[in-house]
Structure formats: C-alpha cells, structure tokens
Amino acid sequence: METHTSLKAVVLPWLAMGHLIPFLELSKCLAKKGIKVYFITTPKNIARLPKIPLDLSSNLSLISSPLPHLEGVPNEAESSMDVPPTMQPKLKMRFDLLRDCTAGLLEDLRPDWVIYDFTSHWIPSLSAKVGASCAYLALFNAASLTYLGPPCELIGNYRSTPEDFAVVPRWVPMEMESKITYHLHEVVKLLHSVDEDMGTPDTVRFGSSIEGCDFVCIRSAYEFESKWLELLSKLYGKSIIPIGFLFPNFDEFDGGEKWVLLESWLDKQEKDSVLYVALGSESPPSQEELTELAHGLEHSNLPFLLVLRDLPGSTRFVLDMLPNGFLDRVSDRGLVHFGWAPQVKILSHPSIGGFLTHCGWNSVIEGLGLGRVLVLFPIMNEQGLVARMVAGKRLGVEVARDEPDGSLRWESVTKAIRLAMVEKEGEELRANARKMKVDFATSSQNHCIGAKEGKMTASLDKVDDTERNQQNKQGQLGCPTGGACLWLSALVSLASTGY
Ligand SMILES: O=c1ccn([C@@H]2O[C@H](COP(=O)(O)OP(=O)(O)O[C@H]3O[C@H](CO)[C@@H](O)[C@H](O)[C@H]3O)[C@@H](O)[C@H]2O)c(=O)[nH]1
C-alpha cells in the first residue's frame, strides 16, 4: 500500500451529524493511507462520533475546539440537531466564532492541506496564510449542486423569486432532459426560513467555499451521475474529484442497548418486510406532516419501524404530536423508537425492505448502499432535488403533495409506501434498488470509481506542474500546484485503489 507519511491534513466539518460522519469517514481513509489527520470539532460532537479504530488512532487525532458563546444560542447547542431549523443560521454565526481559534491551530499544526465544509468559507484565506492548500468537500450530490449553480450565481443570489427556483436552471442544457427542480411550495418554505439578519447566507457560504478552494471533492461517483459531474466541473471552472460514497462501516457504530431491543424486534419480522421510517438529524416534520405520515403508515397495513426525536427547543414531546391511539392501533406490526437510532445498523438488518426517508444525502446513500427501495419524503434544504433525482432513476417513489401549497394527505403516503414495498408495479423499483447495493459496494471498496474512470487519474501522472497549472487555469484539470499534488495524488490513488 502506498503511504504518505509526511503529509498532514486538517479536517473541519460543519456541526451537523450528516456532515461529521462523512468527514470522519474521509479522515479514516486518509489516515489509512499514512496521512496524519487532525479532525477538528466541538467536545459534544466528539462524544457523538463512532470510536476511531485502534489501528488508525496514531494517524487520526480528534481535536476538541469548544464553541465560543453567542447570545441567542443555548450554550449546550453544538450541532444542528440541538437547535430548531429557525436557529440554524445563528448556530452558523456561532460556528464562525471558531475562525480565530482555527487560525491558531493552523499556525501550530502547519498542515499541507485543509479539508473544509461549506460553512467555513473563511478557510481558504486562513490556509493561504500558513501556506496550506485547501479542498472543499461538498456533501450534496452533483445534480443538486449543479441545480444550485456556479459560485457567481450563488454569491450574487440572482434568483430571487420562488418561480426562479421552480424551473430547470438556464445552465442545464436541454439535452440533459432534466426534471430536477424544486416544487414551488418547497421554495416558498425555504425562502421563508431565510432571515436577512442572520449573518452570511448559505448561498454565499457555498459560493465562497467553491470559489476559494484548490479543488472540490464530492461524495458521489461517475457511475451514478457522470453527466452531472462533468457539467458541474465546467460550471465551477475547476475539476472536481468524486471520492465515492464513503459508506460508513456499521460495525464501528455502537448501537448500545437501544440496538439490542431493536434487533430483537427486527429479528421477529419477515425478510424484506419492514419499512424503516426516519427523517434525519435536522428536519423535524411539522404537525401536519407527522399526522398524515402516521395515518399513512397505519393504513398501509405493513410492518414499520418509525424513528422520532423531540424537537429541540420545544416544550412539546413528539409523542404527543402523534394521532390519538396511534401506538395502540399499530402495536401488532409497528414499532416507534424515540431518540437517536443506530440507523446504519437498522438499515443493514435483513428484515428491512424499504426506507421512507427525508432524502438527506447520507440517508439516501445508506439506504441504497444496502439495497433498500426508497419512499421519498423531502422536507427541507436540497432534499426535494435529491428526491426528484432518485425517483428519476427509478430507485424509489416520491410521496405526492398537493400543489400549490404542498399540503400532504395520508392517502398519498399509503399509496407510495405500498407501491414501493409490495405492489406489483413497484417490482422494478425494488429490483433497481437491490442492484444498487452491488454497485455501491463496489464503489465503496474502490473508494471512488468515479475518479478511476474519469480523466483525472490518467492525467495526473502524465503532466508536469507547468502544464498542470495551465490546464488548471483553463479549468480542465483542476489540479492544485506544486507539492500539493502529492496529497491530491494520494487522494486520487486512494480513490482508485481502495484501502
Ligand atoms: O437517529 C438517527 C438520525 C440520523 N442518523 C445518522 O445521521 C446522518 C443523517 O444524515 P442525513 O440523512 O444526510 O440527514 P441530515 O443530517 O438531516 O441532513 C443534512 O445534511 C445532508 C448532507 O449535507 C443534506 O443532504 C440534508 O439536506 C441536510 O438536512 C446519517 O448518517 C444517519 O445514519 C442516525 O444514525 N440516527
């Protein structure tokens, strides 16, 4: 195995479980390659992460960086799952207060590379000060990122009305025949959640992160969305490295006592019979959504495992938001789990057949990576775009909502669940999803077939630095300069050879 013992990388994810987990997976890959990795996050988030495998602990250090206080954010809130959606922008402002402390750490650690998330769009200038190169790790898929647009569009915020967002963007060529766009009601909801006084908008964070980096790593693969990856590279004017799906190793997750109970219930169910229902870490359903979801599950007459968490900052228990008598009526075939659930372990159980998901990219990867057919139930962020992409690939079915207001009826929930899980017309979806397990497994093993099959790997070793720089300027190769290429080639070889 090729190793890179002299290289150091600092990794700085956003404070959200859906970001901490894949950043940690990438860190583990790099540590396996002999790169010394410093993973920076807050104390509470460190405690939430799976244990670092012993054989990697000498190369992978978790650095605890306490969050400074910010008025209006509870001191104990260290992750997006600790605050309601309305407080997310404030949590980002609190995260921005880590800038000085991060600058100090970079001075001390003197890394070759910094790998950062969209929230820390201030990393490129800090990296430059210590002579480090930087890579932005994008955790959306390429189709969604393409829809969001190039950095100038994101920073300029040129799309301003809901209607602007409900059409396929002008930079997506007609021949792509894309149907990936937001529904009007999704945009209205998104725009309502943006408060002008809440610091740097997400669009600017995304745009500046893309603009400032030496290259973009993306959690996807060429086999899955080659056309989107190619278009995105053109749009960004720099190359992007699809690093594969970073599928988490579920053996490393300690399910604890919760898992013992869940497993014993799952063991009693028939193979492929149970629908797993979970809505991620930061997308709480509204009262209307939860009511209709519960009635939809009830009327489906199928076994299910529903995961719910209390809304952060709310005085109301989520249990009290369920319809009266629901738990009793479904007790013979449904289990409701309250609190954080060992999701990857659950999804890997043979009795799980399908996954009703909010379409967070991690959940979609985890569901498809285990061959589960998806029932697509987007709630916020880019999730509507993910739902349309996955439905377009015939890997799942989206729960229909009423236009124009996006209201939900339990009948649509029941219909989508039954189609995906048992109806004859859903057989193609189930077969396609099962096949994805094989595709994702191969891709995870190889850690980014995309890069292997793409132009990057081939080009890298053949061009010298001058040529690279020229190509880089033209946006053809996107290879960072000088010694940085060493690290990049480590990443690319990691991508192409697996570990
Ligand atoms: O009870 C739980 C809840 C979540 N998870 C894990 O937490 C992660 C959740 O990630 P994801 O499914 O992507 O959901 P969110 O964290 O809610 O997603 C945020 O981050 C994603 C990646 O950027 C975006 O696609 C979403 O829109 C955004 O809301 C996954 O690994 C889950 O396995 C658990 O293990 N147990």
Side-chain angles (χ1 to χ4, degrees), residues 13-26 45 48-50 79-85 88-89 91-92 116-119 136-145 147-148 182 186 189-190 193 202 205-206 209 217-220 245-250 252-256 258-259 262 276-285 305-312 318 335-349 352 355-370 372 374 376-390:
W14 162 230
L15 309 174
M17 290 313 282
H19 290 233
L20 290 155
I21 294 171
F23 268 78
L24 186 64
E25 284 303 317
L26 178 63
N45 286 324
R48 284 168 168 156
L49 288 171
S79 143
S80 65
M81 68 185 269
D82 302 328
V83 295
Q88 304 286 348
L91 185 66
K92 286 176 188 141
Y116 65 103
D117 211 330
F118 78 102
T119 30
Y136 162 50
L137 172 57
L139 292 176
F140 288 176
N141 59 50
S144 302
L145 288 166
Y147 174 92
L148 295 177
Y182 279 118
E186 291 170 328
K189 190 172 162 188
L190 270 173
S193 68
D202 279 355
R205 289 180 190 273
F206 273 112
S209 296
C217 291
I218 177 165
R219 194 182 179 200
S220 191
F245 293 109
L246 296 175
F247 194 81
N249 178 353
F250 47 82
E252 284 168 12
F253 282 78
D254 175 16
K258 285 177 183 174
W259 173 238
L262 290 166
Y276 173 59
V277 184
L279 307 174
S281 69
E282 58 177 33
S283 307
L305 168 53
L306 167 63
V307 172
L308 293 174
R309 281 188 309 119
D310 285 327
L311 308 188
V318 71
L335 183 66
V336 184
H337 172 89
F338 294 99
W340 190 256
Q343 175 159 308
V344 184
K345 275 186 180 294
I346 294 171
L347 278 168
S348 64
H349 193 283
I352 300 291
F355 180 13
L356 187 149
T357 169
H358 71 308
C359 301
W361 188 228
N362 294 274
S363 289
V364 169
I365 287 175
E366 290 160 15
L368 292 178
L370 287 158
R372 311 306 180 205
L374 301 181
L376 307 156
F377 188 73
I379 296 183
M380 58 188 240
N381 297 339
E382 91 298 11
Q383 296 155 13
L385 305 173
V386 175
R388 260 118 266 164
M389 188 221 202
V390 174

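Order of appearance sets the numbers: ligands from 1, and atoms from 1 within every ligand.
- For Q343, heavy-atom contacts with ligand 1 shorter than 4.0 Å involve the backbone as well as the side chain.
- When the side chain to side chain contact (heavy atoms under 4.5 Å, CB included) test is applied to L305, the partners found at least two apart in sequence or on another chain are L262, W265, L266, V274, Y276, L335, H337, I346.
- Heavy atoms of I21 found under 4.0 angstrom from ligand 1 belong exclusively to the side chain.
- Rounding to the nearest 0.5 Å gives a distance of 12.0 Å between NE2 of H19 and CG of N45.
- Atoms of ligand 1 found under 4.0 Å from any heavy atom of G18, numbered from 1 in the order shown, are 10 (O), 16 (O).
- For ligand 1 and A341, the ligand atoms under 4.0 Å from any heavy atom of the residue are 1 (O), 2 (C), 34 (C), 35 (O), 36 (N).
- Residue contacts with ligand 1 for H19 involve side-chain atoms from C-beta outward but no N, CA, C or O (heavy atoms, distance under 4.0 Å).
- G384 and P378 make their closest contact through N-CB, 3.5 Å (heavy atoms, listed as atom of the first residue, atom of the second, distance).
- Under a 4.0 Å heavy-atom criterion, H358 is in contact with ligand 1.
- L91 is listed as a side-chain neighbour of W14, based on a closest heavy-atom distance under 4.5 Å.
- Within the set E282, H337, E366, the minimum heavy-atom distance to atom 31 (O) of ligand 1 is found for E366.
- L139 and G18 make their closest contact through CD1-O, 3.9 Å (heavy atoms, listed as atom of the first residue, atom of the second, distance).
- For M17, the side chain to side chain contact (heavy atoms under 4.5 Å, CB included) partners are L20, I21, R48, M81, S281, W340, not counting sequence neighbours.
- In the vicinity of G280, heavy-atom distances shorter than 4.0 Å reach the ligand 1 atoms 3 (C), 14 (O), 17 (O).
- In N362, the parts holding a heavy atom less than 4.0 Å from any atom of ligand 1 are both the side chain and the backbone.
- The closest heavy-atom contact to atom 12 (O) of ligand 1, among the options G360, S363, G384, A278, comes from S363.
- With hydrogens and angles left out, the side-chain atoms of R219 and N141 include no donor and acceptor closer than 3.5 Å.
- Of all the atoms in ligand 1, the ones that sit under 4.0 Å from a non-hydrogen atom of L139 are 22 (C), 23 (O).
- Nearest heavy atoms, P13 versus F23: CB-CG, 3.5 Å.
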